[in-house]
Amino acid sequence: MNYRIAPLGFQLNLGNQRKHHSHSAMAPLKVLMVAEKPSIALSVASVLSHGQMHTRRGSTEVHEFEGMFCGSHAHFKVTSVIGHVFSVDFPAKYQDWTVTDPEDLFQAQVVKSESNPKAHIPRHLSQEARGCGHLVLWLDCDREGENICFEVVQCAGFHVSDGKRKVHRARFSSVTEKDILKAMDNLVEPNKDEALAVDARQEIDLKVGVAFTRFQTSFFQGKYGNLDSRVISYGPCQTPTLGFCVQRYFQINTFKPEKFWTLHPHILVSGYELQLDWERHKLFDLDVAMMFQKLVVQDGILEVSDVSEKQENKVRPSGLNTVNLLKVASSALGFGPQVAMQLAERLYTQGFISYPRTESTAYPSSFDFRGILGALAKNPIWSDYAQNLLSEGYLKPRSGTDVGDHPPITPMRSATEDMLGNDAWRLYHYVCQHFLGTVSLDCKYVRTKVEFSIAGESFHCVGQRVIVKGFTSIMPWLAISEKNIPQFAKGERIEVSKVELFEGETSPPDYLSESELISLMEKNGIGTDASIPVHINNICERNFVQVQAGRKLVPTALGITLIRGYQCIDPDLCLPDIRSFIEHQITLVAKGQADHSHVVQHVLQQFKRKYTYFVKQIDNMDALFEAQFSPLADSGKALSKCGKCLRYMKYISTQPSRLYCGTCEEVYYLPQRGTIKLYKELTCPLDNFELLIFSMAGPEGKSFPLCPYCYNSPPFEGIDTLFGASKTGSTGKLGKGAGMPCFLCLHPTCRHSLIAQGVCACPECSGTLVLDPVSAPKWRLYCNMCNCLVLLPQGAHRIATTRERCPECDSTIIEVDFNKNATPLEDGATLHVGCILCDALLHSLVEVKHGKSFFKRRGMGGRGRGSGRGAHRGRARGLGKTVDPKMSFRDF
DNA sequence: GCAAGGTC
């Protein structure tokens, strides 16, 4: 159900509009406003309607109210999209990895499809725009927002240069009443160049990323058995991100520790024992260090050569933006960026903190500090501090930078740990501390440095005395450590009590911390506040790096080998400049200094050259892989026989699990995340491959047979729902791990097909209940479409389907062979044949249960939006009908 | 099965 934009997609029925227009003289003007997300639509509508609006639900909420527009009475509707409406992809003919040469992708057409087909945003906009004479765009004021403007214009059926139905762009620098009203008075036109720059980036990122990813994935996975990553991905953001981690690894690995020595004279003055530091800091030559030690000992008297006192200022923080929140979350709270953002998102939707995705560290001038301080004053943890700021006068925060997106992240209302739960509380706690810090005094302290000379060498000691704690009293980990030293007078002479010769060794840096990585990414323009966590997560998921204790990022052998490979073929590929280059090129488009398609063509041409060179030189990278990984032929252990050459194929258990036939040099992917075994040396009647039995993980995990060949190349037409297809919403495509097990096979006579093993219709969906052949002694049926389970009679040592059908309901008749001592049958008989629906005995012994989700679904931990189940219904029906009896559990 | 960017 992917929505493809036709050239004239979403043009409204103009006839309809004209009709509305002809009435417009008397009917009120209708104005549609669209924001980037529901929260902004709400804010805009609240301000413009003075809180007097009517809200109704839809794909996204619509707020309606009456007001004035362009000097006339108008009916307003304010709604929103949910980020980008569309995203780019290749047309279907390029989707099959096996038939597309990645090099062709550089010239391929790209198509836009709905980013989130379930949300029906285009339909929503098109409906709401009906009859509206004006469209006001309240999208975020950045390039992406400008691009979404044009997506909205298109969906709404407007045209930017239309005399009749006008398009307006609201430019606002914050979502405050003042800015919203100001934007309304200064409506402009959306900026096409900025939008085109985003189109350019999308096309470049897609083509470059996908071409390299497909090539290197196919190349290396076709050769090595223990790569342990489903996809060996490449991307202009993720690869330089990996590069940073590996660079640090190299530093550590090539580090040569060196011994060094330093002198610390000690003195005893007015009851203090002080250790002085050497101006030379350290020496790497023991003889020389000992010589200095001797000189100092021989002299024995230090003269105070200078005493300086300076008042220092440690400045309070500026407003908290996303990147800084993520850094603190990782380094101080131990939350990874993704977790931190989830927590922040939840705090935001619950109204405890402000919008958590912002680059700005400057507060808008109208910011209500007093209101927030008042809220925090109600919280026992901060009440004294906040009260004090309110009565003594809080400071205006430092200026910071204003990117024009959202204000810094602040608390919005008071909360307790009980209300939030521990993790969210800790994040919230920090946001409060940071906010209070920004409106507190700077920390002031006096730093005293006393310098000494002896035997021509200089030593010193430093004392620190805090005068004003300021913000450090609410952010105590930033406090200045006090250090008292006695009074010294210039020219004073002091006896040395001892001279310590300290021996130390230089040590390598630690692995890159997540927080350092975020800083590096930000500094180098890799990713955005929202996408930085995604890139970090990507390189973890692809098994290029692992997060270890203290949130340090340790590259894996795969990650290291990849970067070393890029470095010997084309180092540009893993340097951050690759992103800056793209950004710089598309900025030319944004500024109107270069033509969109020229820039895209130019950049793609360069990347295509890099791609062909990379392919040509891949042997250099492969040499590194060869040294690190084992060839497919050496990997895995013999499992089952190939139907073509009749030799054993090897089972490679590392992800993606698969079979490899060394003689035919063929790879057969298997279902993922479960265990696989030979199935009684049975073979597939279609291709002679030995059958395997796959068991899904967990105690409720179902088991099913499959033929490795059929699984990868389904033999019958019309099987469009595959097991393990990753996108539950779209048609199941063959991919690694997705395929056709026997329970979907329509073979009319094979003992393992759906025809033979299917028993009756699923009571929960349109699927078929199939006998789990290895479920003894807890015999059961499972649905081949959903997660329904049916428990069969206990205490049977064999249960099998027969070729007979129930004359009543057309279910498959099953044969149950009960254990001698557990048989419910009279006279100790063990064999019973019947229909599980119509046979009184069998029916009394079966029980419907639900198991774990049957189809692979990612992100189960989420809020469970949009269960994938309904999506299978329509498609399944055709399949079910051919074998399903008319009656099922539903009818009982 | 691929990118990066919005946002949920």
Side-chain angles (χ1 to χ4, degrees), chain A residues 35-41 59-60 80-90 94-98 100 102 105 108 110 115-116 118-119 121 139-140 142-149 151-152 195 197-218 221 229-241 341-342 345-346 348-349 355-357 405 525-535 537-539 541-542 578-579 582-583 586 607 655-656 658 669 672 724-727 732-738 856 858-859 862-866:
Chain A
E36 189 157 324
K37 44 192 164 274
S39 64
I40 298 216
S59 293
T60 56
S80 72
V81 292
I82 315 162
H84 273 288
V85 182
F86 300 109
S87 56
V88 289
D89 203 350
F90 295 108
Y94 293 98
Q95 297 295 349
D96 187 341
W97 292 39
T98 54
T100 303
L105 295 173
V110 293
S115 297
N116 182 356
K118 281 182 199 153
I121 299 294
L139 291 125
D140 292 1
D142 53 22
R143 258 181 220 170
E144 298 295 331
E146 222 55 35
N147 186 270
I148 304 174
C149 279
E151 296 183 333
V152 171
V198 172
D199 282 343
R201 181 193 54 71
Q202 289 176 341
E203 183 170 346
I204 294 164
D205 284 345
L206 176 75
K207 291 184 169 178
V208 174
V210 174
F212 276 91
T213 298
R214 285 193 190 174
F215 169 69
Q216 58 186 31
T217 301
S218 309
Q221 281 201 336
S229 180
R230 265 169 46 252
V231 178
I232 302 172
S233 56
Y234 177 86
C237 286
Q238 56 171 272
T239 304
T241 301
M341 283 317 288
Q342 281 164 15
E345 189 74 40
R346 218 177 72 212
Y348 161 66
T349 48
Y355 191 69
R357 258 164 293 179
D405 47 359
I526 306 290
T528 65
D529 51 356
S531 69
I532 281 173
V534 180
H535 299 311
N537 199 49
N538 267 341
I539 59 171
E541 269 193 350
R542 307 277 153 80
I578 208 134
R579 191 76 206 152
I582 297 175
E583 287 293 332
I586 65 164
F607 272 104
Q655 266 206 354
R658 64 218 122 129
Y669 289 96
Q672 307 292 311
S726 68
K727 286 181 189 164
K733 280 182 241 155
L734 264 185
K736 273 180 194 146
K856 180 174 143 194
R858 313 213 79 198
R863 283 136 291 179
R865 286 183 307 136

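None of the values given here were measured: they were computed from a predicted structure. Order of the sequence lines sets the chain letters (A, B, ...), proteins ahead of strands, with each chain counted from 1.
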Please report, rounded to the nearest Å, how far the [atom2] atom of [N] is from the [atom1] atom of [X].
X      : N     : atom1 : atom2 : answer
A/I204 : B/dA4 : CD1   : C1'   : 12 Å
A/L105 : B/dA3 : CG    : C1'   : 12 Å
A/I582 : B/dG5 : CD1   : C1'   : 13 Å
A/Y348 : B/dC8 : OH    : C1'   : 11 Å
A/F86  : B/dA4 : CZ    : C1'   : 18 Å
A/E146 : B/dG6 : CD    : P     : 14 Å
A/F607 : B/dA3 : CZ    : P     : 15 Å
A/I40  : B/dG6 : CD1   : P     : 14 Å

Please confirm whether the shortest side-chain N or O distance from [X] to OP1 or OP2 of [N] is below 4.0 Å.
X      : N     : value
A/R579 : B/dG5 : yes
A/S531 : B/dG5 : yes
A/H535 : B/dG5 : yes
A/Q202 : B/dA3 : no
A/T528 : B/dG6 : yes
A/R542 : B/dA3 : yes
A/Y94  : B/dC2 : no
A/R214 : B/dA3 : no
A/R143 : B/dA4 : no

Find which nucleotide of DNA chain B each of A/K37 and A/K207 is nearest to by heavy atoms, and output the residue with the more 5' nucleotide.
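So the residue in question is A/K207.
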
Nearest heavy atom decides the nucleotide; on that basis, is A/D142 or A/A211 closer to the 5' end of DNA chain B?
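The residue whose closest nucleotide sits nearer the 5' end is A/A211.
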
Whether the A/Q238 and A/S233 side chains hold a donor-acceptor pair (N or O, under 3.5 Å, no angle test) is what I'd like checked.
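Their side chains do contain a donor-acceptor pair, which is all the 3.5 Å distance test asks for.
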
Students often get this wrong, so: under 4.0 angstrom with heavy atoms, is [X] touching a base, only sugar-phosphate, or nothing?
X      : answer
A/D140 : sugar-phosphate
A/G145 : nothing
A/S115 : base
A/Y355 : sugar-phosphate
A/P102 : nothing
A/V85  : nothing
A/Y234 : sugar-phosphate

Tell me the closest heavy-atom pair linking A/Q221 and A/Y669, and the distance in Å.
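Answer, listing the atom of A/Q221 first, then A/Y669: OE1-OH, 4.2 Å.
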
Given [options], identify the nucleotide with an atom nearest to the side chain of [X].
X      : options             : value
A/R201 : B/dC2, B/dC8, B/dA4 : B/dA4
A/H84  : B/dC8, B/dG6, B/dA4 : B/dG6
A/L206 : B/dC2, B/dG5, B/dA3 : B/dA3
A/A530 : B/dT7, B/dC2, B/dA4 : B/dT7

Any sub-3.5 Å donor-acceptor pair from [X]'s side-chain atoms to [Y]'s backbone N or O?
X      : Y      : value
A/K207 : A/V110 : no
A/T100 : A/P102 : no
A/S87  : A/S115 : no

Under-3.5 Å donor-acceptor pair between A/Q95 side chain and B/dC2 base
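A donor-acceptor contact between them is present.
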
Would A/R143 and A/D199 pass as an ion pair if we require N to O under 4.0 Å?
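So A/R143 does not pair with A/D199 through a salt bridge.
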
Anything under 30° is parallel, anything over 60° is perpendicular, the rest tilted; go ahead and classify A/Y348 against A/Y355.
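Geometry flag for A/Y355 against A/Y348: perpendicular rings.
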
